[in-house]
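Okay, structure first, notes after.
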Amino acid sequence: MPELPEVEVVRRGLADHVAGRTIAAAEVRGHRVARRHVPGAQDLADRLRGRTLAGAHRRGKYLWLALADGGVVPDEALIVHLGMSGQMLVADPRTPEPRHTHARLTFTDGGGELRFVDQRTFGGFSLAELVDGVPTSVAHIALDPFDPDYDRAAVIADVKRRRSGIKRVLLNQAVVSGIGNIYADEALWRAGIHGERLASALTGPAIGRLLDHAKDVMADALEQGGTSFDELYVNVNGASGYFDRSLSAYGQEGRACPRCGTAMRREQFMNRSSTSCPRCQVRPRGV
DNA sequence: AATCGAGCCTGCAGGC
DNA sequence: TGCCTGCAGGCTCGAT
């Protein structure tokens with residue numbers, strides 16, 4: 001699901017509603033949700049109990065809650081990945097639990113509990129040590145374009161050495177993080193580049209413009225609370241964003257290109273759909 | 001070393 | 001009304 005803007009919406013909700021609170025009890029159900037935590041779900045739950053959530057952080061699509069004991073500087077984090085369908089919901093403990101609730105955290109203040117709901121279970125929880133404020137298991141993820149230390153020139157250089165289609169490179173979270181299928185299609189449309197163009201064959205300035213479009217479209221989406229076509233993509237209160245109304249390419253097969261009026265086409269590419277304008281985004285020859 | 005594709009899940013829409 | 005296929009905001013892993 002959720003790409004950077006949607007994950008950021010969730011992060012802000014967590015910062016507002018759970019930061020500073022202390023976990024009274026944690027319940028982590030089933031193996032899959034904790035599959036990245038080798039000692040298992042029960043061990044993960046046990047390690048969360050009594051800890052204070054010091055803050056909510058994000059890099060790309062990875063979210064983490066820093067864990068502290070009293071006033072000590074946090075040295076560990078609960079990492080949350082939403083996968084394709086994960087939700088973090090703050091809810092009144094008396095309200096009925098949604099289907100596919102895989103984890104629950106209750107707090108010592110007795111207020112709203114935190115629920116992890118995930119229909120497809122591609123998401124999950126794990127624990128990791130914090131080093132310089134970043135969990136060790138997130139360290140291999142590239143900085144996203146909103147990170148103060150994001151190095152645009154370095155990312156351009158990295159993209160340029162990749163001998164693979166530019167869309168695949170945009171989706172590679174080790175090159176630049178946060179971009180998923182929606183915002184890749186939108187950025188490519190804005191830049192007028194077909195996703196199967198070889199990354200290494202693009203000029204540096206063209207790559208720079210494409211990355212800037214990716215950042216801009218994600219910023220636009222964030223202003224509107226993210227993109228949601230259904231109730232799978234919601235903030236911690238269950239509310240949807242409405243950037244879906246502003247999409248130019250993603251999911252727009254058959255509609256007129258907003259720039260030139262040509263009917264948008266859909267192609268299968270890397271096992272997923274890509275929608276683009278046949279006129280503004282010319283498919284490379286020989287691919 | 002990189003790059004590619006299949007596989008992991010559940011639910012929904014559309015075609016027959 | 002089924003039943004079947006295809007598809008969905010992501011990532012990981014094994015084979016080349």
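Letters A, B, ... mirror the listed sequences (proteins, then strands); counts begin at 1.
- Put simply, A/F122 rests on the base of B/dC8: the two rings are less than 5.5 Å apart at their centres and nearly parallel, under 30°.
- Scanning all heavy atoms of the two residues, the minimum distance from A/T95 to A/R115 falls at O-NH2, 2.9 Å.
- Spacing between B/dG7 and C/dT5 at atom P, rounded to whole Å, works out to 16 Å.
- Ring-plane geometry between A/H81 and A/Y62 is classed as perpendicular, the angle between the planes exceeding 60 degrees on a 0 to 90 degree scale with a lower cut at 30.
- The side chain of A/R272 places an N or O atom within less than 4.0 Å of a non-bridging phosphate oxygen (OP1 or OP2) of C/dG10.
- Between A/K215 and A/D144 there is no salt bridge, since none of the side-chain N atoms of the basic residue sits less than 4.0 Å from a carboxylate O of the acidic one.
- Listed pair A/S85 / C/dA8 fails the phosphate criterion, with no side-chain N or O lying under 4.0 Å from OP1 or OP2.
- For A/K61, a side-chain nitrogen or oxygen approaches OP1 or OP2 of C/dC11 to under 4.0 Å.
- Within 4.0 Å (heavy atoms only), A/Y62 reaches sugar-phosphate atoms of the nucleic acid but no base atom.
- Put simply, A/Y183 and A/I207 are part of the same group of oily side chains (I, L, V, M, F, W, Y) that touch within less than 4.5 Å, one to the next.
- When rounded to the nearest whole Å, the span between CD of A/Q119 and C1' of B/dC12 equals 9 Å.
- Picking from B/dC4, C/dG9, C/dC11 the nucleotide with the shortest atom distance to the side chain of A/N181 gives C/dG9.
- The CD-P distance, from A/Q87 to C/dG10, rounds to 15 Å in whole Å.
- Nearest to the side chain of A/R266, among C/dA8, C/dG10, B/dT10, sits C/dA8.
- In summary, the side chains of A/H102 and A/E27 do not present any donor paired with an acceptor at a separation below 3.5 Å, with no hydrogens or angles considered.
- When the nearest nucleotides of DNA chain C are assigned to A/L171 and A/R120 by heavy-atom distance, the more 5′-ward of the two goes with A/R120.
- For the pair A/N172 CG and B/dA1 P, the computed distance is 16 Å after rounding to whole Å.
- Using a 90° window around 0 for the glycosidic torsion, C/dG9 falls inside it and is classed as syn.
- A salt bridge between A/K167 and A/E196 is absent, with no side-chain N of the basic residue lying under 4.0 Å from a carboxylate O of the acidic one.
- You'll find that the side chain of A/Y250 is closest to C/dG9, out of B/dG11, C/dC11, C/dG9.
- Listed in residue order, the members of residues 156-167 of chain A having a heavy atom less than 4.0 Å from DNA chain B are A/R162, A/R163, A/S164.
- When rounded to the nearest whole Å, the span between CG of A/L198 and C1' of B/dA2 equals 13 Å.
- Nucleic acid contact class of A/R35 (heavy atoms, under 4.0 Å, all strands): none.
- Distances shorter than 4.0 Å separate some side-chain N or O of A/Q173 from OP1 or OP2 on C/dC11.
- Note on A/V155 and A/M218: same hydrophobic cluster, where clusters join Ile, Leu, Val, Met, Phe, Trp and Tyr whose side-chain heavy atoms are under 4.5 Å apart, directly or indirectly.
- Scanning for side-chain contact (heavy atoms from CB on, under 4.5 Å) contacts around A/D216 gives A/R190, with sequence neighbours left out.
- What separates CG of A/D118 from P of B/dC9 is a distance of 12 Å, to the nearest Å.
- Listed here is the closest heavy atom pair of A/A54 and A/A68: CB-CB, 4.1 Å.
- For the OP1/OP2 pair of B/dG11 and a distance below 4.0 Å, the side-chain nitrogens and oxygens of A/H100 include at least one atom meeting the criterion.
- Rounded to a whole Å, the CD1 atom of A/I141 is 11 Å from the C1' atom of C/dT12.
- At a cut-off of 3.5 angstrom, counting only N and O atoms as typed in the model, there is a donor on one side and an acceptor on the other between the side-chain of A/R168 and the base of B/dG5.
- Stem list for DNA chain C (at least 3 consecutive Watson-Crick or G-U pairs, distances under 3.5 Å): B:2-8 with C:10-16, B:10-16 with C:2-8.
- Here C/dG9 is the nucleotide among B/dG11, C/dG9, B/dC9 with the atom lying nearest to any side-chain atom of A/M84.
- Nucleotide C/dG10 holds its P atom 15 Å from the CG atom of A/L63, rounded to whole Å.
- If you check the side chains of A/S85 and A/D118, you find a donor sitting under 3.5 Å from an acceptor.
- Counting only heavy atoms from C-beta on, A/R99 has its side chain closest to B/dG11 among B/dG11, C/dG10, C/dC7.
- Distance, A/D185 CG to C/dC7 P: 15 Å, rounded to whole Å.
- The backbone N or O of A/A128 sits nowhere less than 3.5 Å from a side-chain atom of A/S137 that would complete a donor-acceptor pair.
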